[in-house]
Asks: 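Here it is: the structure, laid out below.
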Amino acid sequence: VEGRVRVAVVEGKVRVTAIDGVHMVGAGETRWFDEVGAEAVEEEPALDARAPRRADQKASRARGVGLGVRASSRLADGDGARASTSWRSLTQAGDYDAAYRALSQGSAVENDPAALMDAADASRLSGHAEVAVTYLRRVVREHGGSPVAPLAAFTLGRVLLERLGQPSEAAESFAHARTLAPHGSLAQDALAREVEALSKAGQAHEAYLRARQYQQQYPAGRRLRAVQLYGGLE
């Protein structure tokens with residue numbers, strides 16, 4: 001998002017020194033900071049039972065390894081070196097179309113959760129949802145113990161639900177995201193999206209049960225209104 005940077009940590013911890021103090025971002029966490037370094041609220045589209053979610057906005061990603069962090073930066077317009085830039089650099093710079101072209105031409109994707117997530121981003125954000133699904137499923141299947149696996153399962157659920165129209169499979173993926181990190185930062189949203197997916201799959205009773213669960217666990221949850229609508233609690 002222009003004017004902001006997203007710090008997404010795969011392993012270890014990242015220290016972010018900002019104008020409002022020092023922030024520690026741990027493994028599996030994602031935090032946003034604005035152009036002066038202050039922590040900002042992530043602009044995640046609100047869950048709405050009556051309208052589709054907005055398209056993904058381009059965001060830069062920084063992944064920390066140990067106590068290090070690789071920050072993404074946007075390539076300068078007209079950069080003559082773009083043709084030789086790796087697909088991962090293009091992805092992290094937000095040039096998803098060019099990154100996907102490089103991937104489709106046979107660029108290798110390392111069997112590493114961070115690399116697979118970058119490949120998934122390049123694919124889904126360039127309009128190739130089916131290809132993104134293959135990378136996300138590899139993260140969940142082959143790297144289930146990685147801190148990034150819950151995010152991969154959650155993103156997989158979103159792609160299946162929003163892009164491919166497969167709500168039953170999406171519900172399973174959201175449920176799996178909660179299983180991987182039942183107390184993680186994505187758990188509340190994953191349960192809410194599971195209710196939505198079950199409702200859209202015609203599984204009204206299961207949607208109702210999950211909605212009751214959400215209502216009990218998060219009585220003041222930010223997704224409560226949509227969950228109640230999808231779960232038939234009103």
Asks: Quick one: pull up CD in Q228 and CZ in R212 and give me the separation to the nearest 0.5 Å.
Replies: 11.5 Å

Asks: Can you tell me if S104 uses its side chain to pair, donor with acceptor, with the backbone of R101 under 3.5 Å?
Replies: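 Side chain of S104 to backbone of R101, a donor-acceptor pair under 3.5 Å: yes, one is there.
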
Asks: Let me confirm one number: the OG-CZ distance from S173 to R158, rounded to the nearest 0.5 Å.
Replies: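 Answer rounded to 0.5 Å: 12.0 Å.
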
Asks: Identify the two heavy atoms, one from A122 and one from A99, that lie closest to each other, and give their separation to 0.1 Å.
Replies: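 That closest heavy-atom pairing would be CB-CB, 3.8 Å.
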
Asks: Short question: side chain of Y214, backbone of R223 - any donor-acceptor pair under 3.5 Å?
Replies: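 Yes, the answer is positive, given that a donor and an acceptor are paired below the 3.5 Å cut-off.
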
Asks: In the single-linkage hydrophobic clustering (I, L, V, M, F, W, Y; side-chain heavy atoms under 4.5 Å), do V139 and L164 co-cluster?
Replies: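 Result: yes, single cluster for both.
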
Asks: Determine whether N111 and H143 satisfy the following criterion, side-chain hydrogen bond (donor to acceptor under 3.5 Å, both in side chains), listing intermediate values before the conclusion.
Replies: CA-CA 9 Å; N111 188 22; H143 303 280; 3.0 Å; yes

Asks: Please name the pair of heavy atoms, one in A177 and one in A190, separated by the smallest distance, quoted to 0.1 Å.
Replies: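 Closest pair (atom of A177, atom of A190, distance): CB-CB, 4.3 Å.
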
Asks: Nearest 0.5 Å please: distance from the CG atom of L151 over to the OG atom of S185.
Replies: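 It comes to 8.5 Å.
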
Asks: Nearest heavy-atom pair of V195 and Y230: which atoms, and what distance?
Replies: CG1-CB, 3.8 Å

Asks: Should we count OH of Y208 as having more than 12 external heavy atoms under 6.0 Å?
Replies: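 Not more than 12 within 6.0 Å, no.
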
Asks: Of all residues at least two apart in sequence or in a different chain, which pass the side-chain contact (heavy atoms from CB on, under 4.5 Å) check with A197?
Replies: L161, A170, A171, F174

Asks: In Å and rounded to the nearest 0.5 Å, what is the CD to CG distance from Q166 to L156?
Replies: 9.0 Å

Asks: If you round to the nearest 0.5 Å, how far is CD of Q213 from CG of L191?
Replies: 5.0 Å

Asks: Determine whether a donor-acceptor pair (N or O, by modelled atom type, separation under 3.5 Å) exists between the side chain of S199 and the backbone of G231.
Replies: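 Side chain of S199 to backbone of G231: no pair is present.
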
Asks: Minimum heavy-atom separation for L224 and P219, please, with both atom names.
Replies: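 Of all heavy-atom pairs spanning L224 and P219, the closest is CD2-O, 3.2 Å.
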
Asks: Looking at R124 and E162, does any basic side-chain N land under 4.0 Å from a carboxylate oxygen?
Replies: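 No salt bridge links R124 with E162.
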
Asks: Quick one: which residue pairs count as a salt bridge (charged side-chain N to carboxylate O under 4.0 Å, His left out) with a foot in residues 141-153, not counting sequence neighbours?
Replies: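 Non-adjacent pairs meeting salt bridge (charged side-chain N to carboxylate O under 4.0 Å, His left out): R138-E142.
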
Asks: Using a 3.5 Å distance criterion without hydrogens, assess whether the side chain of W87 forms a donor-acceptor pair with backbone atoms of A108.
Replies: yes

Asks: To the closest 0.5 Å, what do you measure between OG (S126) and CG (L103)?
Replies: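 Here the interatomic distance stands at 8.5 Å.
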
Asks: Are L116 and L136 connected in the hydrophobic side-chain network, where two residues link if heavy atoms are under 4.5 Å apart?
Replies: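 Yes, same cluster.
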
Asks: Can you pull the salt bridge (charged side-chain N to carboxylate O under 4.0 Å, His left out) pairs that have at least one residue in residues 164-183, sequence neighbours excluded?
Replies: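 Output for this query lists R178-E194.
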
Asks: With a 4.5 Å cut-off on side-chain heavy-atom distances among I, L, V, M, F, W and Y, is there a chain of contacts connecting M117 to L160?
Replies: yes

Asks: Between the main-chain N or O of A102 and the side-chain N or O of S107, is there a donor-acceptor pair closer than 3.5 Å?
Replies: yes

Asks: Salt bridge (charged side-chain N to carboxylate O under 4.0 Å, His left out) with R88: which of D118, D121, D95?
Replies: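 Passing option: D118.
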
Asks: If I compare all heavy atoms of S123 with all of V131, which pair ends up nearest, and what's the gap?
Replies: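 Smallest interatomic distance, heavy atoms only, reads OG-CG1, 3.5 Å.
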
Asks: Closest heavy-atom contact between Q203 and S168?
Replies: NE2-OG, 3.3 Å

Asks: Set out, in order, the CA-CA distance, both residues' side-chain angles and the distance that settles side-chain contact (heavy atoms from CB on, under 4.5 Å) for V227 and Y218, then state yes or no.
Replies: CA-CA 11 Å; V227 166; Y218 311 104; over 6 Å; no

